[in-house]
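Written out below as structure tokens is the structure these notes cover.
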Amino acid sequence: MNVGADLSYTHGLGRWLPPDRGAVAVWLNELHASVMAKKDQVELHPVITEFRELIARDPVVRMYLTQMIEQAPAVPHPSNPNLFYQVNIASIEEMLYLINEVLGRSVPFGGDHDPFVGFPINAIFDWSMGTPAGLAAFRNVQINAMVKRILDAFGAFLSSPESRYVINDSP
């Protein structure tokens, strides 16, 4: 974790995440704890298995992804410069399991427990994609092809009846 990196970035040019990065960190760390507790019972989505195989056979892809996770910065709390938000993603394997989990989750809207309406896969990559290794990784043709396949799989889920479980009558 790179404490003390330039943290002028607040919530991205597209404003796809809330300005309170702490809310995203809390959401992501709760997701991480939940996913890691059950990972031995989880069957990976075929696209995640394919990504894992690419990472295993391509040392450059593996290097970029490993380094971007290692380079992910800790983010200082806005009201206390001695307190840092940290995300618990420590390995490629953990990142893959997190992406696998959100491939089958709809994005709820509103409520105190929903820190943002956004793109959960982006929240997983947010901490590491702006690092030097992340910038290189997301210029890699093979990584971008896999991200497109992951997004296509997520889009297929969101277009399915299974994704409608978050729809309710609440105002």
Side-chain angles (χ1 to χ4, degrees), residues 7 9-55 65 68-69 72-75 77-79 84-131 134 137-138 140 142-171:
L7 301 170
Y9 167 89
T10 56
H11 54 281
L13 295 175
R15 298 184 187 264
W16 54 83
L17 296 173
D20 178 5
R21 292 197 62 188
V24 177
V26 167
W27 177 85
L28 194 51
N29 287 334
E30 288 174 357
L31 177 71
H32 181 274
S34 168
V35 168
M36 292 303 110
K38 66 180 182 181
K39 83 174 202 136
D40 293 335
Q41 294 86 36
V42 171
E43 183 176 335
L44 292 176
H45 188 285
V47 74
I48 299 300
T49 300
E50 186 180 340
F51 196 16
R52 180 194 252 174
E53 291 166 357
L54 168 65
I55 294 163
L65 295 176
M68 72 182 222
I69 290 168
V75 178
H77 191 281
S79 65
F84 289 85
Y85 296 119
Q86 297 184 356
V87 174
N88 294 328
I89 302 172
S91 69
I92 293 170
E93 192 74 6
E94 290 179 8
M95 180 189 69
L96 292 174
Y97 273 95
L98 290 171
I99 296 168
N100 187 73
E101 177 71 18
V102 299
L103 283 178
R105 282 190 178 192
S106 291
V107 181
F109 178 77
D112 293 336
H113 63 281
D114 302 323
F116 61 92
V117 175
F119 194 46
I121 294 170
N122 198 35
I124 295 167
F125 286 134
D126 182 57
W127 300 85
S128 59
M129 69 183 173
T131 65
F138 286 101
N140 181 284
Q142 292 181 95
I143 292 172
N144 279 315
M146 282 309 310
V147 170
K148 181 185 181 322
R149 292 181 51 75
I150 289 167
L151 296 177
D152 289 344
F154 189 53
F157 168 73
L158 292 177
S159 297
S160 74
E162 290 80 20
S163 71
R164 298 180 194 151
Y165 68 89
V166 296
I167 299 173
N168 59 46
D169 295 330
S170 173

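Legend: residues meeting side-chain hydrogen bond (donor to acceptor under 3.5 Å, both in side chains) with E53, ordered by chain and number and at least two apart, are absent. The ring-ring contact (aromatic ring centres under 6.0 Å, His included) test applied to F154 returns F119, not counting sequence neighbours.
The two atoms that bring M95 and F51 nearest to each other are CE-CE2, 4.5 Å, heavy atoms only. Between M68 and G134 the shortest heavy-atom distance is CB-N, 3.5 Å. When all heavy atoms of V47 and L103 are compared, the pair lying nearest together is CG1-CD1, 3.8 Å. Pairing each heavy atom of Y97 with each of M36, the nearest pair is CB-CE, 3.7 Å. Minimum heavy-atom separation, I124 to L28: CG1-CD1, 3.8 Å.
Looking only at side-chain heavy atoms (C-beta outward), I99 and H45 stay at 4.5 Å or farther from each other. The side-chain heavy atoms of I143 and L65, taken from C-beta on, include a pair separated by under 4.5 Å.
Distance OG/S159 to CZ/R164: 9.0 Å, rounded to 0.5 Å. Here the CG atom belonging to D126 is positioned 13.5 Å from the CD1 atom belonging to I121, to the nearest 0.5 angstrom. The CD1 atom of I150 lies 7.5 Å from the CG atom of L96; values are rounded to the nearest 0.5 Å. Here the CD1-CZ distance, from I69 to F125, works out to 8.5 Å after rounding to the nearest 0.5 Å. Rounded to the nearest 0.5 angstrom, Q41 CD and K39 NZ are separated by 10.5 Å. Here the CG atom belonging to N100 is positioned 9.0 Å from the CD atom belonging to E43, to the nearest 0.5 angstrom.
The closest side-chain donor-acceptor pair between E93 and S91, if any, does not fall under 3.5 angstrom.
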